[in-house]
Amino acid sequence: MTDFTISALRDQYDVLLRRLDEAGTPEQREALKRDIIGLFKTVDQAIGELSTLKEGIRVLVDRYKQLQASHSPDTAPQFTGQMPAMQASYIDASTLIEKGWHLISLGDYDGAIAALQKALQYSPGDIQGESLLGWAQMRAEHYDEALQTFQLVLTKEPANSLARINVGYICLKKRIFGEAIEHLSKAIRLDNDKKATLYAHFYLGLVYLEREMFEDAQTFFRKTLALGPNLIEAYYELGRAYWYGDDRATARQTWEEGYKANRFSPWGKRCQEALELVAQGQEPPRS
């Protein structure tokens, strides 16, 4: 990659950074999301090409050492065989798994699924890769495929809390509330993964909100924010739990806190939209 290319990518980044302050409408936010994903994919492709070139340079170094050894009889023997294929496959799988996680965080779930499926071709049975694949499938609302993926993970690793909370979430979406509570509560009891514990509380809040058990929902959303103050989605859902639990002043205050915590977040904007709706005498969304 030339300096000019790096400069151009930095310019695109700066433009997107400025657009964050201007994306006021849903159309502008959707266009911004597409352009961020596009920039990520361009940079990711460049990183991949540079990684391939880097491996090629290592081959040059090894071949130079062999050449040097052939002209220096006193030099210690050098390894002259090819690099084991397993090492290259491991590098490829790790790169694709990392790419899959970034694409999930950007909301490009189909792209994440493709990357993670390819990673698992290089490294079959990789628990992290399978867990992230299930997460991407779940966020893409491919619930049956996600459930199969997570069940495969739990068969190998019953204490995998990340897989377990997502099975709980799928049960929630399928309205199998008893099983959802069972899986999420077990993840909280295991408490062996901070991210899983955080989301177990959040998903339990969603279960109780869906069942209109508003006080229980409020309890779990408050615990969620105690564990992860940056999970802005929890402010939005906690506000809904207060609103439909007939504590509308606290609902407004909660949405205000969520918007102030991160006004650039999609969920910070959802908090602002909820405030605007109720100011007009309308109800916030039920789901």
Side-chain angles (χ1 to χ4, degrees), residues 104-105 107-110 112-113 116 130-155 157-191 193 195-225 227-228 231-248 251 254-255 258 266-267 270-271 273-274 277-278 282-287:
I104 289 172
S105 67
D108 184 2
Y109 305 123
D110 290 336
I113 290 169
L116 292 163
E130 288 177 342
S131 297
L132 288 174
L133 173 60
W135 199 333
Q137 290 169 329
M138 181 187 76
R139 297 306 298 265
E141 299 185 0
H142 301 163
Y143 294 129
D144 291 335
E145 293 91 334
L147 193 57
Q148 290 177 3
T149 302
F150 286 130
Q151 286 174 339
L152 182 64
V153 172
L154 289 172
T155 298
E157 199 174 273
N160 188 306
S161 294
L162 195 61
R164 190 166 294 284
I165 62 149
N166 287 317
V167 171
Y169 180 80
I170 293 168
C171 290
L172 161 63
K173 300 304 288 186
K174 288 177 169 285
R175 301 186 66 82
I176 311 171
F177 296 128
E179 285 192 33
I181 292 171
E182 180 181 346
H183 283 290
L184 297 169
S185 298
K186 184 168 184 177
I188 290 174
R189 290 195 300 273
L190 286 170
D191 194 21
D193 183 312
K195 183 179 294 183
T197 301
L198 170 66
Y199 276 92
H201 283 88
F202 179 63
Y203 291 158
L204 274 170
L206 293 178
V207 170
Y208 289 115
L209 183 59
E210 188 71 19
R211 297 179 70 186
E212 298 188 356
M213 300 172 66
F214 300 120
E215 289 186 7
D216 290 319
Q218 293 162 19
T219 297
F220 279 103
F221 290 138
R222 285 196 299 267
K223 287 182 179 178
T224 300
L225 288 168
L227 292 168
L231 188 61
I232 308 302
E233 189 175 357
Y235 284 103
Y236 175 77
E237 299 294 356
L238 177 57
R240 289 202 308 129
Y242 280 127
W243 183 270
Y244 288 109
D246 292 327
D247 189 349
R248 300 191 168 185
T254 301
W255 288 323
W267 289 103
R270 290 282 293 273
C271 288
E273 289 165 4
L277 276 176
V278 300
Q282 301 181 50
E283 296 283 305
R286 275 279 183 179
S287 59

Trainee: Within this structure, what is the CG-CG distance for the pair Leu184 and Leu204, rounded to the nearest 0.5 Å?
Mentor: 4.5 Å
Trainee: Would you compute the distance between atom CD1 of Ile104 and atom CG of Leu132 and round it to the nearest 0.5 angstrom?
Mentor: 5.0 Å
Trainee: Could you grab the distance from atom CZ of Arg164 to atom CD of Gln151, nearest 0.5 Å is fine?
Mentor: 10.5 Å
Trainee: In Å and rounded to the nearest 0.5 Å, what is the CG to CG distance from Asp110 to Asp108?
Mentor: 6.5 Å
Trainee: Are the side chain of Arg240 and the backbone N or O of Pro285 linked by a donor-acceptor pair below 3.5 Å?
Mentor: yes
Trainee: For the pair Arg286 and Glu212, find out whether any cationic side-chain nitrogen is under 4.0 Å from an anionic carboxylate oxygen.
Mentor: yes
Trainee: Tell me the closest heavy-atom pair linking Gly239 and Ala251, and the distance in Å.
Mentor: O-CB, 3.2 Å
Trainee: Apply side-chain contact (heavy atoms from CB on, under 4.5 Å) to Leu225 and list each qualifying residue two or more places apart in sequence or on a separate chain.
Mentor: Ala234, Tyr235, Leu238
Trainee: Salt-bridge test for Glu210 and Arg175: reply yes if a basic N is under 4.0 Å from a carboxylate O, no otherwise.
Mentor: yes
Trainee: Tell me the closest heavy-atom pair linking Ile113 and Ala140, and the distance in Å.
Mentor: CD1-CB, 4.2 Å
Trainee: With sequence neighbours excluded, tell me which residues meet side-chain contact (heavy atoms from CB on, under 4.5 Å) with Glu283.
Mentor: Trp243, Tyr244, Arg248
Trainee: Looking at NE2 of His183 and CG of Leu154, how far apart are the two atoms once the value is rounded to the nearest 0.5 Å?
Mentor: 7.5 Å
Trainee: Let's go through Ile188 and Lys223 carefully: what are the C-alpha distance in whole Å and the side-chain angles of both, what is the deciding distance for side-chain contact (heavy atoms from CB on, under 4.5 Å) to 0.1 Å, and is it a yes or a no?
Mentor: CA-CA 12 Å; Ile188 290 174; Lys223 287 182 179 178; over 6 Å; no
Trainee: Assign the ring pair Phe202 / Tyr199 to parallel, tilted or perpendicular, where the plane angle (0 to 90°) is split at 30° and 60°.
Mentor: perpendicular
Trainee: If you take all heavy atoms of Ala180 and Gly168, which pair is closest and at what distance?
Mentor: CB-O, 3.3 Å
Trainee: Do you know the tightest heavy-atom contact between Asp193 and Leu162?
Mentor: OD2-CB, 4.5 Å
Trainee: Might you confirm whether atom CZ of Arg139 has over 12 heavy atoms from other residues, nucleotides or ligands at distances under 6.0 Å?
Mentor: no
Trainee: Do Glu130 and Asn160 make a side-chain contact, defined as non-hydrogen atoms from C-beta onward lying under 4.5 Å apart?
Mentor: no
Trainee: Measuring from atom CG of Leu133 to atom OG1 of Thr149, what distance do you get when rounded to the nearest 0.5 angstrom?
Mentor: 4.5 Å
Trainee: Of all heavy-atom pairs between Pro284 and Leu277, which one has the smallest distance, and what is that distance?
Mentor: CA-CD1, 4.4 Å
Trainee: Quick one: list whatever passes side-chain contact (heavy atoms from CB on, under 4.5 Å) with Ile170, sequence neighbours left out.
Mentor: Met138, Tyr143, Ala146, Leu147, Phe150, Lys174
Trainee: Please confirm whether the backbone N or O of Trp255 pairs with a side-chain atom of Arg270, one donor and one acceptor, at under 3.5 Å?
Mentor: no
Trainee: Decide yes or no on side-chain contact (heavy atoms from CB on, under 4.5 Å) for Leu231 and Trp267, but give the supporting numbers first.
Mentor: CA-CA 9 Å; Leu231 188 61; Trp267 289 103; over 6 Å; no
Trainee: Going by heavy atoms in the side chains, are Phe214 and Asp247 under 4.5 Å from each other?
Mentor: no
Trainee: With the side chain counted from C-beta on, respond yes when Leu209 and Phe221 share a heavy-atom pair under 4.5 Å apart, and no when they do not.
Mentor: yes
Trainee: Could you check whether any side-chain heavy atom of Tyr203 comes within less than 4.5 Å of a side-chain heavy atom of Asn166, counting everything from C-beta outward?
Mentor: yes
Trainee: Can you give me the closest heavy-atom contact between Ile232 and Gly258, atom names plus distance?
Mentor: CG2-O, 3.6 Å
